[in-house]
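One structure is given here, and the rest of the page talks about it.
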Amino acid sequence: MWPPLKASDMTRADAPVTPPVVLTVAGSDSGGGAGIQADVKTIEACDGFGTSAITSITAQNTTGVQGQHLLPIEQIEAQIEAVTEDFDVAAVKTGMLATSEVIDLVVAHAADLPNLVVDPVMVAASGDRLLAAEAEDAYESLIAEATVVTPNADEAAVLTGRDVDDPKTAERAGRDLIEMGADSALVKGGHVPGDTVVDTLVTEDGVTTFRHDRIDTEATHGSGCTLSSAIATQLAHGDDLSSAVGSGINLLASAVRYNVDVGEGPGAVQHLVQTRNDAARHPTSEAVERAVSALVDGDVSALVPDRGMTVAGATPYAERPDAVAAVEGRIARMTDGVRPNRGVRFGASTTVARALLAARERDPSIRFAVDCRLTNTVENALESLDGTIASYDAGERPDAVSADATAQWGVDRAFETSDGPPVAVVGRESMGNSGHVLLFAADADALISRVESVREGVGSNR
């Protein structure tokens with residue numbers, strides 16, 4: 001029998017990967033939230049290989065830009081040529097170009113810059129100007145080379161002379177940009193007032209709008225860089241334009257909501273939000289399994305609804321039920337205790353998952369939930385919990401809310417009217433029979449502890 005191999009006994013074969021190469025031509029942000037730093041983070045997060053040509057070095061942080069220094073034009077050109085001569089560049093995005101001379105340089109190299117995404121950076125989120133006034137007119141020649149140009153409403157107004165204050169004017173501005181020669185234009189709606197952000201993609205073939213709820217935050221530093229880099233990387237992967245734009249907008253919506261709270265000013269968007277969320281799927285599933293095992297071992301029969309109990313856990317940045325792991329088939333009451341019907345998987349729950357997501361809308365730190373039966377004894381036992389207990393009456397559900405969405409609506413209402421985030425929500429006359437109880441927690445151990453506390457309270461009050 002051969003002895004086991006040791007690391008010192010062998011040379012391992014390499015296993016290279018070949019991600020698409022994306023080049024960013026932009027300025028450096030010493031604060032790390034925008035510019036080259038944001039671009040490379042986003043490109044790598046979207047499974048690309050990030051390369052760069054730095055146009056300008058800025059001294060900035062979350063409070064603003066303290067200074068900037070334009071690199072010599074020969075050095076910028078040398079960086080572009082170094083990358084394009086060695087790498088098979090699949091897409092390019094531009095950010096801070098600063099002067100007409102730099103813009104003209106990029107135009108001169110446009111033949112070597114496929115899938116060119118032009119983000120016409122003019123002013124930082126802090127209000128500091130990043131483009132010389134004389135360079136605004138020079139953008140027209142670069143726009144003519146663009147696969148897609150991605151101005152916000154203010155930048156679109158400068159480029160087209162048209163005020164953008166609603167989707168209709170955004171469409172008209174987009175058509176103006178196509179007339180300048182761009183293959184397409186994405187006019188972003190983040191600077192247009194309203195509860196809904198509407199981004200308008202205009203092509204020769206038509207108009208596509210992307211809508212998402214506005215996030216109540218000022219931490220949007222790097223949002224334009226992140227979106228244009230994500231779009232460029234998806235184009236590098238071979239996605240069609242609409243899919244690339246949609247993926248980029250979805251990433252940005254999460255990156256803005258789950259922003260990074262650093263510095264004294266408004267924070268930056270979280271460029272790696274989807275990567276980190278995906279990485280958390282397995283630990284989240286394991287945490288749900290641990291909770292299920294603890295509840296089975298603790299015999300929570302007295303708390304299991306007739307239809308069965310669901311234990312659910314959301315990834316840190318979950319937005320949809322497919323990012324919520326739950327017991328498939330629920331935990332059922334048996335003659336000798338309780339047991340799960342099947343294992344844990346993502347997307348296994350709908351009702352409890354949506355209720356959990358509704359709770360997260362009010363308090364994103366909440367990640368785990370379990371539904372329990374509602375009896376007088378169980379309700380009395382909730383008093384043992386350290387935290388607020390809230391409730392809702394399913395009979396008050398508006399007609400516009402479907403019966404399947406009752407728990408989701410009820411949890412949202414309970415959180416809205418409660419003094420502080422509740423640890424439990426009592427839903428009356430919903431989900432069958434007399435109602436149900438949902439327990440919430442930030443982690444699996446806290447959820448287990450709350451269930452055990454209620455179970456003990458039920459036992460002492462029988």
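Not measured: the values here are computed from a predicted model.
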From [X] [atom1] over to [Y] [atom2], what is the distance, rounded to the nearest 0.5 angstrom?
X	Y	atom1	atom2	value
Leu186	Phe210	CG	CZ	7.0 Å
Ser228	Asp39	OG	CG	6.0 Å
His436	Thr310	NE2	OG1	11.5 Å

Fill in: Non-neighbouring partners of Tyr317 that pass ring pair (Phe, Tyr, Trp, His ring centres under 6.0 Å), sequence neighbours left out
Tyr258
Worksheet entry | Which residues share a ring pair (Phe, Tyr, Trp, His ring centres under 6.0 Å) with Phe440, sequence neighbours left out | Phe415
Worksheet item: Around Glu140, counting heavy atoms of other residues, nucleotides and ligands shown, do more than 12 lie under 6.0 Å from its CD?
Response: no
Discussion item. A quick test of your reading: do over 12 heavy atoms of other residues, nucleotides or ligands sit less than 6.0 Å from CG of Asp261?
Written reply: no
Worksheet item: Quick one: do the Thr315 and Asn277 side chains pair a donor with an acceptor below 3.5 Å?
Response: yes
Just distance, no hydrogens or angles: give the donor-acceptor pairs under 3.5 Å from side chains in residues 279-287, sequence neighbours left out.
residue: Arg281; atom: NH1; partner: Asp322; partner atom: O; Å: 3.3
residue: His282; atom: NE2; partner: Glu286; partner atom: OE2; Å: 3.1
residue: Thr284; atom: OG1; partner: Ala280; partner atom: O; Å: 2.7
residue: Thr284; atom: OG1; partner: Arg367; partner atom: NH2; Å: 2.8

Would you call [X] and [Y] a side-chain contact if the rule is heavy atoms closer than 4.5 Å?
X	Y	value
Asp195	Asp213	no
Phe368	Val288	yes
Pro398	Trp409	yes

Worksheet item: With Arg162, which residues qualify under salt bridge (charged side-chain N to carboxylate O under 4.0 Å, His left out), at least two apart?
Response: Asp176
Discussion item. Suppose we screen for salt bridge (charged side-chain N to carboxylate O under 4.0 Å, His left out). Which residues come up paired with Glu81, at least two apart in sequence or across chains?
Written reply: none
Worksheet entry | Backbone of Gln60 reached by a side-chain donor or acceptor of Ser30 within 3.5 Å | yes
Item to complete: Would you mind listing every side-chain hydrogen bond (donor to acceptor under 3.5 Å, both in side chains) that reaches into residues 104-118, with sequence neighbours excluded?
Response: Glu77-His109
Worksheet item: When Leu235 is tested against each of Val22, Val117, Asp240 for side-chain contact (heavy atoms from CB on, under 4.5 Å), which residue passes?
Response: Val117
Discussion item. Using side chain to side chain contact (heavy atoms under 4.5 Å, CB included), reason through Cys225 and Thr42 one step at a time and then give a plain yes or no.
Written reply: CA-CA 9 Å; Cys225 306; Thr42 304; over 6 Å; no
